[in-house]
Number of protein chains: 4
Amino acid sequence: MAKVLAVHDRREQLLDAALAVFSAEGYSAAKVSDIVGRAGVAQGTFYLYFSSKQEVMLALFERFQAALIEARRAPDQVAPATPAQLRAAMLEKTRAILRAAFAHRPLAALFMKEAMGADPELAGRLREFHQRMADLSEQGLRQAAAAGLIRPVDPRVAALAINGAWERVLTDCLLCSPTDPDVDALAEQIVSLQLDGLIARPTQER
Amino acid sequence: MAKVLAVHDRREQLLDAALAVFSAEGYSAAKVSDIVGRAGVAQGTFYLYFSSKQEVMLALFERFQAALIEARRAPDQVAPATPAQLRAAMLEKTRAILRAAFAHRPLAALFMKEAMGADPELAGRLREFHQRMADLSEQGLRQAAAAGLIRPVDPRVAALAINGAWERVLTDCLLCSPTDPDVDALAEQIVSLQLDGLIARPTQER
Amino acid sequence: MAKVLAVHDRREQLLDAALAVFSAEGYSAAKVSDIVGRAGVAQGTFYLYFSSKQEVMLALFERFQAALIEARRAPDQVAPATPAQLRAAMLEKTRAILRAAFAHRPLAALFMKEAMGADPELAGRLREFHQRMADLSEQGLRQAAAAGLIRPVDPRVAALAINGAWERVLTDCLLCSPTDPDVDALAEQIVSLQLDGLIARPTQER
Amino acid sequence: MAKVLAVHDRREQLLDAALAVFSAEGYSAAKVSDIVGRAGVAQGTFYLYFSSKQEVMLALFERFQAALIEARRAPDQVAPATPAQLRAAMLEKTRAILRAAFAHRPLAALFMKEAMGADPELAGRLREFHQRMADLSEQGLRQAAAAGLIRPVDPRVAALAINGAWERVLTDCLLCSPTDPDVDALAEQIVSLQLDGLIARPTQER
DNA sequence: CATGAATGAGTGTTCATTCAT
DNA sequence: TATGAATGAACACTCATTCAT
């Protein structure tokens with residue numbers, strides 16, 4: 001039973017099983033025996049590919065982080081020079097993140113649920129992740145401010161607020177709605193709120 | 001040793017000890033023996049006041065939720081009728097929440113760290129909490145929209161975005177800065193972002 | 001089942017059970033579950049009294065060492081001044097050690113069997129034990145040499161040889177003979193060999 | 001990697017690796033994976049040459065035993081007839097044993113450390129080994145006694161004492177001194193102690 | 001009310017051994 | 001012969017919970 005697989009495949013198989021189990025039970029309630037049971041391999045096999053339960057979790061987090069950070073960073077080498085470019089850029093970022101999250105839905109759901117309480121090592125990684133996301137947003141805001149595209153605000157606070165906004169919207173969708181939402185519409189709303197604010201205005205330039 | 005205390009006091013004493021231990025170790029790594037050790041009572045005494053480790057955690061969550069929901073809901077019976085009233089109201093809410101969080105800093109930090117991964121029961125309570133907070137925000141937005149104070153947006157998405165914004169700012173302060181920030185300034189920034197948006201405008205009313 | 005006992009008694013009970021199990025199975029093959037099973041207590045109880053399997057073994061070794069070292073050292077404050085006194089002193093030492101060993105027969109048998117292979121920590125203790133025994137013997141020989149009672153020999157080598165002699169005799173008795181031998185006769189033979197040697201002599205003064 | 005070797009060589013290679021690992025870690029802490037790692041062959045290869053971890057240990061013990069027993073037995077066909085011949089014979093035996101031990105130092109050190117605790121099967125072999133060594137010594141003593149060369153002593157006890165003496169001296173050297181001692185001088189001291197005893201005598205014949 | 005010794009089910013991890021290639 | 005991935009039984013240790021005093 002459980003034929004010999006290429007190293008990479010067996011690892012993926014175990015990662016998939018771990019993701020399923022962690023999602024269903026939570027990290028600390030998840031048992032290694034559940035993971036191997038789901039993967040259909042023996043207990044010992046797990047430890048050929050991961051040195052501990054913690055390590056699978058961290059490996060899954062790498063997957064998650066890679067997907068989201070990549071999406072956040074990707075095609076943004078040109079600093080926007082006009083309000084329209086800024087809006088387009090923010091829209092693109094937001095869309096990319098939401099898409100990445102829904103493309104890896106179980107993974108994203110897992111790390112929106114499991115937080116810094118699960119494991120000290122993971123807590124550190126999560127903190128780093130949030131810092132890095134905030135740094136990226138802050139940097140974008142500084143560019144936009146330098147170009148006179150946005151009004152003067154504390155860029156750190158604004159960056160955190162921006163990220164918090166899509167995080168909570170995302171979390172809500174991931175945890176509460178079984179079907180993926182219209183990501184483009186969602187992104188548009190979020191960006192519009194961030195750029196234009198809520199206030200009703202006589203002339204809504206845009 | 002450990003004099004007989006009024007039931008209420010002994011319970012509080014255990015809750016305080018539990019808060020300290022959960023904060024230091026995280027929920028699942030925290031041991032009941034640590035809690036009673038810190039409280040200076042015997043192992044068995046714990047179970048005179050709580051039926052399980054989970055129950056203390058839930059009791060602490062009640063404290064947390066009471067503080068935040070109370071702050072969020074408090075003096076808001078009059079629907080704002082002008083932009084200035086709306087801004088004042090939102091400012092007041094945001095301030096109240098941040099103040100409550102910093103007034104119960106360890107509690108707030110605990111529940112910003114520990115998330116839905118810790119315990120299924122707690123996960124449910126947290127979900128409810130977020131729903132209730134979102135409901136309150138959404139309701140406020142609907143009123144404001146009805147009064148024509150804000151432009152037409154999806155109130156649920158906007159509510160989530162608003163809450164996510166202060167949540168992340170708050171989390172960042174709680175976890176990264178050892179000293180309490182200037183809550184009023186912070187609230188002002190957050191509300192300004194939410195109402196006015198980021199876009200630089202020729203005439204910045206207000 | 002298994003009533004509450006005085007701390008000291010429960011500890012002794014576990015030490016006795018551990019001794020029996022270690023003797024029967026050997027240290028590394030012995031299971032903690034065997035020990036608690038034999039003691040009639042629950043698995044967890046073991047860890048209320050010892051922090052690890054290793055620790056019981058070391059505690060047993062303390063018992064062993066205390067008994068033997070005490071026997072070796074005890075009533076020997078006066079340096080012998082005549083051949084007869086020297087012989088009497090050595091006889092007394094040898095008797096005392098053998099008696100102590102047979103008085104704690106299972107303990108002695110255990111540590112004659114288990115050697116430095118069992119556990120690194122125990123190996124260190126055993127090494128120390130042998131050194132200390134050799135030191136005591138060496139010291140006695142130096143005194144005797146200073147008093148002109150023995151011929152000039154390397155005292156370290158002689159001390160090791162003396163100790164090795166009774167150790168092997170003892171080990172042989174412990175492992176091969178189910179009943180205790182005549183300790184006095186044995187001691188007499190050993191000491192006679194050590195003092196007089198094997199050589200047949202015309203006049204055997206003594 | 002790891003070319004096909006003659007069966008004998010591959011076996012030796014594994015034995016050498018096993019000796020190194022057992023010496024470094026002790027029998028029970030040693031892992032088969034360490035042994036094959038050190039030998040540079042695959043895990044499965046081990047089981048082509050040995051049926052179990054125990055078996056390598058026993059094979060090493062055969063090496064050890066062969067060396068020592070051979071040394072002990074070797075050129076001793078003529079019963080000594082004079083005190084000088086007896087002394088020469090004992091000296092030769094003792095030298096031979098010590099030389100053999102230091103010629104196979106790691107092997108000897110291993111089996112002086114690992115004792116009867118390591119493995120039941122090995123314990124039996126060790127017991128046999130000691131019996132055989134004692135038998136050989138006893139037989140020599142009986143011959144010497146029959147020839148009137150030694151005074152009447154219990155030959156078993158004397159044999160054990162004699163063997164215990166060089167065993168402990170040997171063990172001490174193996175474990176405590178990194179460099180080989182002067183085996184001839186050592187043997188001379190040991191034999192002198194055994195034949196002449198410690199007592200200072202007016203006329204020291206010899 | 002309070003104690004704290006006792007419980008025992010539960011779990012991560014190890015490692016000798018096997019066997020399909 | 002040689003490989004090394006896979007196996008799975010085994011075991012030390014933990015800790016929430018109970019209950020006799």
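Proteins come first, then strands; the chains are lettered A, B, ... in the order of their sequence lines, and each starts at number 1. Given the structure is predicted, the values throughout are model-derived calculations rather than measurements.
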D:Val41 backbone acceptor or donor facing D:Thr45 side chain under 3.5 Å:
no
For F:dA20, the Watson-Crick or wobble partner whose two distances fall under 3.5 Å:
E:dT3
Side-chain N or O of C:Arg10 versus OP1/OP2 of E:dA5: is the shortest distance under 4.0 Å?
no
Hey, does B:Ala30 reach any base, or is it just sugar-phosphate, or nothing, if we go heavy atoms under 4.0 Å?
sugar-phosphate
Report the residue (A:Ala29 or B:Thr45) whose heavy-atom-nearest nucleotide on DNA chain E is the more 5′ of the two.
B:Thr45
For C:Ala17 versus C:Ile35, what's the shortest heavy-atom pair and its separation?
CB-O, 3.6 Å
Atom OH of D:Tyr49 to atom P of E:dT17: distance rounded to whole Å?
18 Å
Rounded to the nearest Å, what distance is computed from the CZ atom of residue D:Phe50 to the P atom of nucleotide E:dT17?
13 Å
Is it true that a side-chain atom of A:Arg125 and a backbone atom of A:Phe61 form a donor plus acceptor pair closer than 3.5 Å?
no
How close or far is atom C1' of E:dA16 from atom OH of D:Tyr27, stated in whole angstroms?
10 Å
Within this structure, what is the CZ-to-P distance between C:Arg11 and E:dG4, rounded to whole angstrom?
20 Å
By nearest-heavy-atom nucleotide on DNA chain F, the more 5' of D:Gly44 and C:Gln54 is D:Gly44
For the pair made of CD in C:Glu55 and C1' in F:dC13, what is the distance, rounded to whole Å?
13 Å
For atom NZ of B:Lys53 and atom P of F:dA16, their distance in whole Å
5 Å
Atom-to-atom span, CG of A:Asp119 to C1' of E:dG12 - whole angstrom:
14 Å
Tell me which of A:Tyr47 and D:Val32 sits closer to the 5' end of DNA chain E, going by the nucleotide each one is nearest to.
A:Tyr47
Any cation-pi pair here, B:Lys113 with B:Tyr27, using under 6.0 Å and within 45°?
no
Judged by each residue's nearest nucleotide on DNA chain F, which is more toward the 5′ side, A:Gln43 or B:Lys31?
A:Gln43
With distance as the sole test, does D:Arg132 use its side chain to make a donor-acceptor pair with the main-chain N or O of D:Ile69 at under 3.5 Å?
no
Could you tell me how far apart C:Phe46 (CZ) and F:dC13 (C1') are, to the nearest whole angstrom?
10 Å
Could you check whether A:Ser51 gets within reach of a base, just the sugar-phosphate, or nothing at all, counting any heavy atom under 4.0 Å?
nothing
